[in-house]
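In what follows, residues are counted from 1 in the order of the sequence shown. These numbers come from a predicted model, not from an experiment.
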Amino acid sequence: QVQFVESGGGLVQPGGSLRLSCAASRRIFGVLGVGWYRRAPGKQRELVASMSTSSVTNYADSVKGRFTISRDHAKNTMYLEMNGLKSEDTAVYYCNTIPLRDTYGRAYYAWGQGTEVTVSS
């Protein structure tokens, strides 16, 4: 069952900006942590930005100072504002819960299709 729908990706030049959106099918914020993940070509999926149940945010070193995670509680939607984009940011971006699994190892939600971000001249 699709629980998150990502959108907003596209082709952007280096130094440009994009704003990604993630719509959740049910109330998430305040219940589970959420985050933005990405999978770049030839690399493993990584967590790049997170927000805890208490709205504490954290970022991977590679995106600190450039990316900002936010949410609109009323719309059950989260965002990732990306500035100063680099070619290394090229990846498919996904949103999902943090943690991904419960204490029994069961996933809370399936991965969505993601939204592709390509940074190129």
Side-chain angles (χ1 to χ4, degrees):
Q1 182 179 29
V2 178
Q3 300 295 326
F4 297 104
V5 179
E6 303 94 342
S7 63
L11 176 64
V12 64
Q13 293 184 332
S17 300
L18 282 174
R19 183 178 176 86
L20 308 183
S21 297
C22 172
S25 61
R26 62 180 65 185
R27 184 172 63 87
I28 295 295
F29 308 116
V31 180
L32 291 170
V34 294
W36 284 95
Y37 302 77
R38 71 183 182 188
R39 179 181 279 112
K43 295 186 176 182
Q44 295 183 348
R45 182 176 56 239
E46 64 173 335
L47 178 66
V48 297
S50 65
M51 179 178 289
S52 73
T53 55
S54 57
S55 299
V56 176
T57 60
N58 199 12
Y59 301 91
D61 288 340
S62 59
V63 307
K64 283 182 179 178
R66 300 189 297 117
F67 290 11
T68 303
I69 186 172
S70 62
R71 51 81 175 171
D72 186 327
H73 188 270
K75 295 182 178 180
N76 227 20
T77 301
M78 60 184 291
Y79 306 92
L80 184 68
E81 182 179 343
M82 306 184 294
N83 299 305
L85 284 163
K86 306 174 181 179
S87 60
E88 305 93 275
D89 296 318
T90 296
V92 178
Y93 286 73
Y94 306 85
C95 56
N96 215 319
T97 59
I98 299 173
L100 292 169
R101 303 175 183 274
D102 63 17
T103 55
Y104 295 96
R106 299 173 298 193
Y108 288 110
Y109 299 96
W111 292 101
Q113 294 299 306
T115 185
E116 186 173 356
V117 172
T118 301
V119 185
S120 177
S121 298

Query - Pairs flagged by ring pair (Phe, Tyr, Trp, His ring centres under 6.0 Å) wherever residues 43-73 is involved - sequence neighbours left out - result: none
Query raised in the report: What pair of heavy atoms forms the shortest contact from Tyr37 to Thr97, and how long is it?
Result: OH-O, 2.9 Å
Report summary line: One should read off an interatomic distance between Ser52 OG and Ile98 CD1, to the nearest 0.5 angstrom, of 9.0 Å
Query raised in the report: Do Arg45 and Trp111 touch side chain to side chain, with heavy atoms closer than 4.5 Å?
Result: yes
Query raised in the report: Is it the case that more than 12 heavy atoms not belonging to Glu46 sit under 6.0 Å from its CD atom?
Result: yes
Query raised in the report: If you measure from CG on Asn76 to CZ on Arg71, what distance do you get to the nearest 0.5 Å?
Result: 10.5 Å
Query raised in the report: Which distance, rounded to the nearest 0.5 Å, do you find between the CD of Glu88 and the CZ of Arg38?
Result: 8.5 Å
Requested in this report: Of all the heavy-atom pairs spanning Leu47 and Gly35, show the shortest one and how long it is.
Outcome: CD1-CA, 4.1 Å
Report summary line: In this structure, OG of Ser55 is separated from CD1 of Ile69 (nearest 0.5 Å) by 10.0 Å
Report task. Indicate if Val92 and Leu11 have the same hydrophobic cluster label, given that clusters are the connected sets of ILVMFWY residues with side-chain heavy-atom separations under 4.5 angstrom. Result -> no
Query raised in the report: How close do Leu32 and Thr53 get, heavy atom to heavy atom, and via which atoms?
Result: C-CG2, 3.5 Å
Query - CG-OH distance between Asn96 and Tyr109, expressed to the nearest 0.5 angstrom - result: 9.0 Å
Report task. Applying salt bridge (charged side-chain N to carboxylate O under 4.0 Å, His left out), run through Lys64 and Asp61 and close with a yes or a no. Result -> CA-CA 5 Å; Lys64 283 182 179 178; Asp61 288 340; 3.1 Å; yes
Requested in this report: Can you sort out the partners of Tyr79 under ring-ring contact (aromatic ring centres under 6.0 Å, His included), two or more places apart, ordered by chain and number?
Outcome: none
Report summary line: Between Arg66 and Asp89, the two heavy atoms sitting closest are NH1-OD2, 2.7 Å
Query raised in the report: Of all heavy-atom pairs between Ala91 and Arg39, which one has the smallest distance, and what is that distance?
Result: CB-O, 3.3 Å
Requested in this report: Verify, without hydrogens or angle tests, whether Thr115 (side chain) and Tyr93 (backbone) share a donor-acceptor contact under 3.5 angstrom.
Outcome: no
Query raised in the report: Any donor and acceptor pair, going by atom type alone, linking the side chain of Glu6 with main-chain N or O of Cys95 inside 3.5 Å?
Result: yes
Can I get a per-line list of side-chain donor-acceptor pairs under 3.5 Å for residues 12-24, giving both atom names and the distance, sequence neighbours left out?
{"unit_1": "Ser17", "atom_1": "OG", "unit_2": "Asn83", "atom_2": "OD1", "d": "2.8"}

